[in-house]
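What follows is a single structure, written as structure tokens, with notes after it.
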Amino acid sequence: MTKFTTWIAGAATLLATAPALAQTGPIKAPSAEQMASMVDKGDTTWMLISSALVLLMSIPALALFYGGLVRTKNMLSLLMQVFMIVSIAALVWVSWGYSLSFTSGSPYIGGFSKLFLQGVDATTLAATFSNNVYIPEYAFIAFQMTFACITPALIVGAFAERIKFTPLMLFVVAWLTIVYFPIAHMVWYWSGPDFLPDTPTDTGLLWGMGALDFAGGTVVHINAGIAGLVGCLMIGKRIGYGREATPPHSLTMTMIGASLLWVGWFGFNAGSNLEANGLAALAFVNTFVATAAAAVSWAIVEQIHHGRPSLLGAVTGAVAGLVAITPASGFAAPMTAILLGLAVSPICYLFVAVVKNKLKYDDTLDVFGVHCVGGIVGAIGTAIVADPALGGQGFLDYTVFPAVAGTYDMAGQLVTQIKAVALTLLWSGLGSAVLFFVLDKIFGLRPSEDAEREGLDLSSHGERAYNY
Amino acid sequence: MTKFTTWIAGAATLLATAPALAQTGPIKAPSAEQMASMVDKGDTTWMLISSALVLLMSIPALALFYGGLVRTKNMLSLLMQVFMIVSIAALVWVSWGYSLSFTSGSPYIGGFSKLFLQGVDATTLAATFSNNVYIPEYAFIAFQMTFACITPALIVGAFAERIKFTPLMLFVVAWLTIVYFPIAHMVWYWSGPDFLPDTPTDTGLLWGMGALDFAGGTVVHINAGIAGLVGCLMIGKRIGYGREATPPHSLTMTMIGASLLWVGWFGFNAGSNLEANGLAALAFVNTFVATAAAAVSWAIVEQIHHGRPSLLGAVTGAVAGLVAITPASGFAAPMTAILLGLAVSPICYLFVAVVKNKLKYDDTLDVFGVHCVGGIVGAIGTAIVADPALGGQGFLDYTVFPAVAGTYDMAGQLVTQIKAVALTLLWSGLGSAVLFFVLDKIFGLRPSEDAEREGLDLSSHGERAYNY
Amino acid sequence: MTKFTTWIAGAATLLATAPALAQTGPIKAPSAEQMASMVDKGDTTWMLISSALVLLMSIPALALFYGGLVRTKNMLSLLMQVFMIVSIAALVWVSWGYSLSFTSGSPYIGGFSKLFLQGVDATTLAATFSNNVYIPEYAFIAFQMTFACITPALIVGAFAERIKFTPLMLFVVAWLTIVYFPIAHMVWYWSGPDFLPDTPTDTGLLWGMGALDFAGGTVVHINAGIAGLVGCLMIGKRIGYGREATPPHSLTMTMIGASLLWVGWFGFNAGSNLEANGLAALAFVNTFVATAAAAVSWAIVEQIHHGRPSLLGAVTGAVAGLVAITPASGFAAPMTAILLGLAVSPICYLFVAVVKNKLKYDDTLDVFGVHCVGGIVGAIGTAIVADPALGGQGFLDYTVFPAVAGTYDMAGQLVTQIKAVALTLLWSGLGSAVLFFVLDKIFGLRPSEDAEREGLDLSSHGERAYNY
Amino acid sequence: MKLIIAIIKPFKLDDVREALTALGVTGMTITEVKGFGRQKGQTEIYRGAEYSTNMVPKVKVEVACDDAVADRALEAIQQAANTGSIGDGKIFMLDLGAAVRIRTGETGSVAL
Amino acid sequence: MKLIIAIIKPFKLDDVREALTALGVTGMTITEVKGFGRQKGQTEIYRGAEYSTNMVPKVKVEVACDDAVADRALEAIQQAANTGSIGDGKIFMLDLGAAVRIRTGETGSVAL
Amino acid sequence: MKLIIAIIKPFKLDDVREALTALGVTGMTITEVKGFGRQKGQTEIYRGAEYSTNMVPKVKVEVACDDAVADRALEAIQQAANTGSIGDGKIFMLDLGAAVRIRTGETGSVAL
Ligand SMILES: Nc1ncnc2c1ncn2[C@@H]1O[C@H](COP(=O)(O)OP(=O)(O)O)[C@@H](O)[C@H]1O
Ligand SMILES: Nc1ncnc2c1ncn2[C@@H]1O[C@H](COP(=O)(O)OP(=O)(O)O)[C@@H](O)[C@H]1O
Ligand SMILES: Nc1ncnc2c1ncn2[C@@H]1O[C@H](COP(=O)(O)OP(=O)(O)O)[C@@H](O)[C@H]1O
């Protein structure tokens, strides 16, 4: 079946579930009143629960995944960093983040029209990827808020066990502002399917170029991954790196974290469809099986390399699979999603177990090796698996109304994807470097040697994670 | 935009999604058959998943939040208490709780018409806050059941580490019956928007007075908080209180608990809207940002007071924020929700870190200082943030059909809120005191000194939480 | 109220929410285009979130429930086994499991028409239990995938602490193929309510016999439970069984696991309704209260037998209640669900605390005593509680169009249920025995004595769960 | 010099420390241990399997001190840790051949 | 009086305890420790980083006993804890200067 | 034979072990302990309640060795564990009456 018929059938569904429109056909540039009749409570529920799932990914999932991997004396610092980053990012998001990301402005960044959510209320709506389907704007804001919360939290793994708390919090505010919001705008901003035909240039830069990123491979993972690498290089290695053993203090916590990441990631990926329909279900299945495949393939690599598979390997593989399928989740077919999952683990393994040790950068929790590398694999892989010739979903041409399937050109798409990756690496890499540099000069990023030895839990927060 | 137009637009949505009504307009006092056409599966899904989220708040979230804060030897007792309270409360709820809370009776308590859920089946429906929108009655029962489960579980934190198990279970049954069900009835019972115009007095006492409590600030938090204070005063201090160090045995567990509380609380607050629409999304966003603000403001208070922020502080702040936004979650705007969050933490901090130490009551886990005080801040704050002049949602006048926005009077609302708080403090305070007194006389509430020293895990349950 | 009127009202709802049909009445054997208008996004959301909840049941819930009960040195092996079983089962499911389970073939097993999900795409649909209500096929695949993931994971508890990893993974692949998929097909496969009238024999064997299994009492619990018993008998007792104390290393983890199982089980049971309507809400309430009742009744049995209730008892009771209500969840009324919950705990207690010790089989985590025994209690109890005379939902006769309530015959149903149980016990018992035997001959199932003593964490995976 | 090893009930640690501090002994080392003795541990039952471990959590206090203080320290610990019930624990005293303060390298009683 | 300190393999604890009980020694104190020795610990690999700790979990058993029983106790432990493979552990014996039962204040061998 | 007991800072363990290995002492037993001493522990505050425990995590190293090596071992530990700041810890030395290797039953210095 071609992509085209898929979408024709999709349109049929649409018409049937929005009967008010049945007589008149889809409405171009609908009025606010018309839009109000284009909201389905099933979609609203889906967006709200997806938002809750993505928050679950940050707290407790990511905090536990990371925290379990550090030494006992730094466990609490990781929990605290993630918890506070989520809190601060949420405030920044509703204050200026949403406006800078999702209002019309330049191709690089949005405008100030919705600063502090002005103009948003319980009746305003946000567009989806289907003509004449809308969701409450607050639901969209909540969903996107969870993305702004988790992305900076991902970064901290790269320099875990050796960062001062307050400068880190300042970094997060600044990084969101000059790195994350612009990239989110470039990749995801557009005026929506009912309005784009009349305003074809009202999009973010990368969206306009046709870059495909279903749920945030570039915006979230490559973005955070490269920032982490820059951070760990600029902050330097941990005391005792390479000499002292630093076994994970609780793989139990890491496994809980990985499991909840998997569960929550359905909100992240299938929620990014913004509608509860067959495509969301497809993204769900893809997220499921790509992850499973990556867990299995990491285990197999370890079985071959070390003679036995480890839990840490399996869950790392699962996370790599989740990262890789993220940009492709709504574009791939289950079988190509499996291939993507099988492929990503050996590549990340190479970076985590070989390249890192060779180059001797101390990326404590492999934020670069898993999120950046896995994100790049996914971003590039998306160009392949999205091809309708391979059972993929292709893309919709939204410049016509109603939208129709575009003609897929895999080579061209590959180039576009690579450009998007490169731009993200550059923007985030440079932006992060400047921020780390400035903050280091002003406040110092690294705790004293004694504080680091004692552990950040006591030295930064005056607490221990455990007092058995 | 005024509240009024908000609701007009809301009505438009309603009409569009319930097309059968489009010709006829909303139906006053619809028949059972008519009602059957007023159910949206999106709402049903929302209520079911919200119910699951609120159960998650009790088990494991609250159990872990509390359990992590006690000494190892009492960890398991907290887990057990919360788990069994949930189980017992569920049985009490379907047996007589639902009937006493949500059927017509006196202004103080409901009647016996639905004892043991008689008359309820898979086709009966419950009203929402919108004209002509219904949900399956079982979904409403399930949702409210989770509230009846968590509220008594909140209380046990106040006298953790020193309570006998069986008398506590009896207390829960009695407290639900003479305290919780009446207060739930007083605050939340009414005959629904399609029927109230004809039966304007068929409401609970506080509902009739116009008290605003979106998701349970009085019913849940003030109610449980004051019961906890009474309990800890009557049971007395722990052995060694003030002399022995009692550091939290696992802040890791406490952080997991707080995170899951946050995630689950979206079901609690946004679910209390009973419908998946823009208002639910607003409650969701408010819950998100008020919590974030409170976590940040608690951390700042600690930074100022002690020179560094602690994880326990951050998560305590988050819970205080969740408590404070609960009654206001569907009334505030995001920016006023943030202000409420910023305000609640310093106030709770004062009680937890200063007042408690001054007055020397041993509220082990600060049920009073966080839930009761935070609940009062929220209940009173609701009168302010609900004001449409501040971007709030005001209230709907349901005595006319279809409902219209009422004229908001902040001063009057403040007085009403204070009355509701006072009544709850009194009713629950006195009711709890009587129950604790009677149960203490009959069974004794406190374990022997040896049992307390050994820890309740072994002495009450013959088990340890950990055998590493 | 009789079942009949319930379903009439249900049909009214249906008509109202699918207005395109209002003029024409329900459509027999609808075309693909017609079906496309029979999808409700509320249902789609419900199935997706239910799928996420069931995955949560496996990871982390079941892994923690089991892992907490073993000794520290084997904790990680349990986590790893469950995590990898889920991953492998997901791949097997989409590769050949879905086709073998849910396509037309023989009464015993499906065909190959959907191998590797061929023919499935984002527009294809799956039937529900209501005429003219469909859900995206991918959503159905995802939901059923989670069942295929958790069932083999349940088995491993029976021989925890003494199994080799790789042979276990091979067992899972083989067991799914020759045991699980056939039984799923026999119990759950049918051509759907709009097509069955024309193809009345296109069903699985047990479905055709009229066996009732709402959410998997036979397919999941009896099936896994008997496989576990066979496994633990064939693998033999742990070294030191009966001599060394093997107290649970972390009842905290077990309690977290049990709590998340409870929360996730709403997806399992109420999700099995495939639609978000009043029946799903009923299944939700039944799942809630049966579990609560079973937790309470286990605690009471312990109070009587040992003088105090234990947490392990309470959570074991809860799981037994969840197991027992599973097949009955959409058929019982809340009050009969409570009776079922009260009844199951003493029976499972007998097996776990008396029979096992008498017969001296080393079912490490009581997979047989809880899942198989509890599943049998539930399967047989279903025949009783489903009786409309006891407030149950009876069954629908789908051979007429539209479906009508069938005439309930409790004695006949009891016989049918017993036959289904017996067939499952036989099929799974024999199939599992053959598989264990063959794999033992080829690879050996049991680790060396030293490896077992050292613990599987280090010997199989080279890791420890904790390095405090 | 002597090395005193006391096995006490965990909740008596604070009392013992205060008693020793009163004698001018400020340094000590604490270990969590399990004790077997007359005191029977709780019988624990897990799903019907009984474990009667008679293993009881205790705290071990090790104090190095001058011969001059040793007897008084012994007595102080005995009194502070005493509850009169079974399982109160034991105190052992050994001869200490040498003591070194790592920071300074000082040896003998000044090192304590 | 003697203080016997035995470092043994954890799973041998029950055997050792039974052997000592058979001699009439009923009190003992147990500590979880880590041992370095000839026995090499597992090499653990975490995401490609190898940790070859050669640190092995052991259990330390401390028994105070009368001189009269000491040698037999030593032998009993040695036999009970023996598996014949590397890492079985060591037994050390020290002179015990004094012993006090905290509950009663009794001293000397009666205190044991 | 001597039994050397050193209480050191946890992060110095690797250094101490290397220093001892250099002397040919390959066996040792490690325990996690808590120390009270001059070094004040962190003041921890939990929701406004201050706990100034002055209890600091330390590691206890026990090494049995020949008289011949004992003094050098003492010195080696002192140097390896030294950071010059308060809380570096102590080393104690006791006379060891007997030593047995469980695996073989060997006694005396060969057993070490
Ligand atoms: N012979 C012994 N050697 C070492 N430790 C002992 C010995 N006897 C008792 N203990 C320790 O002292 C603790 C208290 O001893 P127990 O016999 O229970 O009580 P009591 O000293 O009051 O008679 C035990 O738990 C154990 O740790
Ligand atoms: N010199 C020593 N001092 C203290 N403990 C020792 C010493 N040598 C060995 N041990 C302890 O004994 C354990 C077993 O020693 P090891 O050399 O591995 O085996 P074996 O005693 O069979 O030769 C070690 O793990 C360590 O705990
Ligand atoms: N008298 C003592 N007996 C036993 N252990 C001691 C004694 N004094 C100190 N220690 C141990 O040595 C550690 C370091 O001692 P401390 O007084 O803090 O520093 P320093 O040795 O540098 O003066 C303490 O934490 C404690 O474990």
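In what follows, every chain begins at residue 1, and chains take the letters A, B, ... in the order their sequences are listed. The basis for the numbers below is simple: all heavy atoms, side chains too, and nothing from hydrogens, waters or symmetry mates.
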Atom group of [X] that falls short of 4.5 Å from chain C, counting heavy atoms:
X: L64(B); answer: side chain
X: S459(B); answer: backbone
X: T166(B); answer: side chain
X: F165(B); answer: side chain
X: P60(B); answer: both
X: M47(B); answer: neither
X: A276(B); answer: neither

Chain C contacts, top residue of A32(B), S51(B), A63(B) (heavy-atom pairs, under 4.5 Å)
S51(B)
When heavy-atom pairs shorter than 4.5 Å are enumerated against chain C, which of I141(B), T44(B), T45(B) gives the highest number?
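Answer, by heavy-atom pair count under 4.5 Å with chain C: T45(B).
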Are there residues of residues 308-315 of chain C that reach to under 4.5 Å of chain B by heavy atoms, and which ones?
R308(C), P309(C), S310(C), L311(C), L312(C), A314(C), V315(C)
Check: W93(B) ring centroid to F288(C) ring centroid under 6.0 Å:
no
For this output row, return yes or no: ring centroids of F331(C) and F395(C) closer than 6.0 angstrom.
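Ring-ring flag for F331(C)/F395(C): false, centres at least 6.0 Å apart.
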Heavy-atom distances under 4.5 Å only: say whether [X] touches chain B with side chain, backbone, both or neither.
X: A294(C); result: neither
X: I256(C); result: both
X: L282(C); result: both
X: M75(C); result: neither
X: E302(C); result: neither

Are any side-chain N or O atoms of [X] and backbone N or O atoms of [Y], one a donor and one an acceptor, separated by less than 3.5 Å?
X: T72(C); Y: Y468(B); answer: no
X: S37(B); Y: Q34(B); answer: yes
X: N286(C); Y: A332(C); answer: yes
X: T124(B); Y: D121(B); answer: yes
X: T287(C); Y: F266(C); answer: no
X: D387(C); Y: G392(C); answer: no
X: T128(C); Y: V133(C); answer: yes

Tell me the closest heavy-atom pair linking R71(C) and A245(C), and the distance in Å.
CD-O, 4.5 Å
Identify, with sequence neighbours excluded, every residue that meets ring-ring contact (aromatic ring centres under 6.0 Å, His included) alongside W265(C).
H221(C), F268(C)
Give a yes-or-no answer on whether the side chains of Q144(B) and S101(B) include a donor-acceptor pair shorter than 3.5 Å.
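Side chains of Q144(B) and S101(B): no pair found under 3.5 Å.
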